[in-house]
Amino acid sequence: MPITAIKGMTDIFSPEVELWQTIEARARELFESFGYREIRTPIVEKTELFARSIGEDTDIVQKEMYTFPDRKGTMLTLRPEATASIVRAIMQHRLYNIPTMGKFFAIGPMFRYERPQKGRYRQFHQIDAEVIGSKEPIVDAEVMYWAMLFLEKIGIGSTELHINSLGCEECRMPYKRSLVDYLKKYEASFCRDCQRRINTNPLRVFDCKIEKCKEIVKEAPRILEFLCGECQKHFDSVRFFLDQVGCSYTVDHHLVRGLDYYNRTAFEIIASGLGAQNAVGGGGRYDGLFKELGGPDIPAVGFALGVERLMIVLGENLPGHEIKKPDIYLIALGDDAQKTCFLIAQNLRKKSVYVEMGYELKSLKSQMRRADKFGASYVVILGENELVKGVAVLRNMTTKEQFELSLDGIEKTLAEKIKKE
RNA sequence: GUGGGUGUAGCUCAACAGGUUAGAGCACUGGGUUGUGGCCCCAGAGGCUGUGGGUUCGAGUCCCAUCACUCACCCCA
């Protein structure tokens, strides 16, 4: 096997690909009900876009991006997430000026140079949604509701919605200070990773899986106690609307997001069966991002679902997926018969009949076996004898009944027969 | 980047404590009377045992290295 796919990048083919198609179709349907419009942005962007939006100091930007110069030396990056590109596109085309266009969705591949493991790949796919132009908490709630409803619709019922508020600039700084002060007191007791985190990204200490660290963190100050009046009001309101639609959730004080642009509402959807990578989706509010990227001051909320992770969670409970079976399998015996069959096949397909045919001139027996493997409903046999008589044999594969059909207008006869069933 | 696990036929797996031409099931190809599928029967094809070294009279089996896959850390969807 000389050339294989790149590490962490997978080929998707039947029968899984059909499942991908339905998942995507369901997402599109549901987006439509909520008024989302699709947006397709390039997979490659200038590196600067991601560096500025996601944050220079984040892991994604520091060590996980596929970055390379193009032939003129411009630094480009394969998108590691969708939000930055979408925000860029909205700004570039001033889409925020169109009153009916505030909700966008995108489905496609993302790239991160990480060590692959269960539920984590270097090329992975996201279903992404972004709502721009409103700072209202009602939107946050609706966005989360979409995600939970979608999961339910595709058969993933047992998930947990975790929410938290990250506050705004005003309340986050005092909180961070207070948290760092607290953590520093116990610095020596933390694991090496956490000791590092205290300085680099103190909020992440909450995620540590080591018992000792968890123990200390339990008593740490909570962001929610530091929220300013506005942020508190916002968060309460988000909760109110979630309650109203019967969307259950847990407030997770430890929930932190790895991208710098989030503020206020942050959420994650956790599912079992995923191993260590247990989030099927996550998102939050990013009111400052447009401005940060040099655009107008436009508030926004968004989220992404990991398609591969959805697949893992669906696991065995995949919605039954029948691969389409041919209506007719054409068997030709001999060169002349094959020429006629070829024409019949194409004519039938023009009439939207699913036709398979034996391209190899093999024995009738082996062609019948192949027709059976395809699960064809009917087989049409055309050999020398039939050709002379100007007929073809039609065999019903379930009843085993067979009779001759005139070759004259045979496509019409067959197409009508198929459509009647 | 750091650890652990695993690499034998297209797939799923065998091969006693190192011992002849590495096996099975499924899948594949052909056949079981001239041109009729599923079940069954027969036959066939398919592997430099991931790769490279080493130990040994002898290595799929033991050792080292390397690569790939996988799980976990880290981080995230």
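If you're wondering where the values come from, they're calculated on a predicted model, not measured in any experiment. Throughout, a chain's letter reflects where its sequence line sits, starting with A, and its residues are numbered from 1.
In terms of position along RNA chain B, the nucleotide closest to A:L382 lies nearer the 5' end than the nucleotide closest to the other residue of the pair A:L382 and A:N278. Nearer the 5' end of RNA chain B, as judged by each residue's closest nucleotide, is the contact made by A:L333, out of A:L333 and A:D372.
As a whole-Å value, the separation of A:L305 CG from B:rA77 P is 11 Å. Across the protein-nucleic acid pair, A:R115 atom CZ and B:rA77 atom C1' stand 20 Å apart, rounded to whole Å. In this structure, the NZ atom of A:K365 is 12 Å from the P atom of B:rC39, given to the nearest Å. Protein atom CE of A:M9 is 16 Å distant from nucleotide atom C1' of B:rA77, rounded to whole Å. The nearest whole Å value for the distance from the CZ atom in A:R120 to the C1' atom in B:rC71 is 11 Å. Atom P of nucleotide B:rC39 and atom CZ of A:R369 are separated by 9 Å, given to the nearest angstrom.
For A:K373, the side-chain atoms get nearest to B:rC28 when compared with the rest of B:rG37, B:rC69, B:rC28. Counting only heavy atoms from C-beta on, A:K118 has its side chain closest to B:rC71 among B:rC71, B:rG37, B:rC69. Of the listed nucleotides (B:rC74, B:rG37, B:rG35), B:rG37 has the atom at the smallest distance from the side chain of A:M368.
Between A:D59 and A:K63 there is a salt bridge, since a side-chain N of the basic residue sits under 4.0 Å from a carboxylate O of the acidic one. With salt bridges taken as basic N to acidic carboxylate O contacts below 4.0 Å, one links A:D140 and A:R285.
Base engagement by A:N385 is indicated by at least one non-hydrogen atom pair under 4.0 Å involving a base atom. In this structure, A:Q402 reaches the bases: a heavy-atom distance under 4.0 Å links it to at least one base atom across the strands shown.
With both pairing distances under 3.5 Å, B:rG60 is matched to nothing as a Watson-Crick or G-U wobble pair.
Relative to the ring axis of A:F226, A:R172 does not place its NZ or CZ within 45° and under 6.0 Å from the centre.
Atom name P, nucleotides B:rA22 and B:rC63: the rounded distance is 23 Å, in whole Å.
With hydrogens and angles ignored, a donor-acceptor pair closer than 3.5 Å exists between the side chain of A:R395 and the base of B:rG37. Residue A:R112 places no side-chain atom within donor-acceptor reach of the base of B:rC75, judged by atom type and a 3.5 Å distance cut-off alone. A donor and an acceptor atom never sit less than 3.5 Å apart when one is taken from the side chain of A:E114 and the other from the base of B:rG1.
A sub-4.0 Å separation between OP1 or OP2 of B:rG31 and a side-chain N or O of A:S363 is present. Contact between the side-chain N/O atoms of A:Q277 and the OP1/OP2 oxygens of B:rC75 is not found at any separation under 4.0 Å. An OP1 or OP2 oxygen of B:rC71 is reached within less than 4.0 angstrom by no side-chain nitrogen or oxygen of A:Q117. A close approach under 4.0 Å does occur between a side-chain nitrogen or oxygen of A:K7 and OP1 or OP2 of B:rC69. Taking 4.0 angstrom as the limit, A:T58 places none of its side-chain polar atoms (N or O) nearer than this to OP1 or OP2 of B:rC75. In this model, the phosphate group of B:rG30 is approached by a side-chain N or O of A:K362 to a distance below 4.0 Å at OP1 or OP2.
The closest donor-acceptor contact from the side chain of A:R37 to the backbone of A:F31 lies at 3.5 Å or more, if one exists at all.
The number of heavy-atom neighbours closer than 6.0 Å to CZ of A:R28, taken from other residues, nucleotides and ligands shown, is above 12.
Of the inter-residue distances, the one linking A:E48 atom CD with A:S53 atom OG reads 10.0 Å to the nearest 0.5 angstrom.
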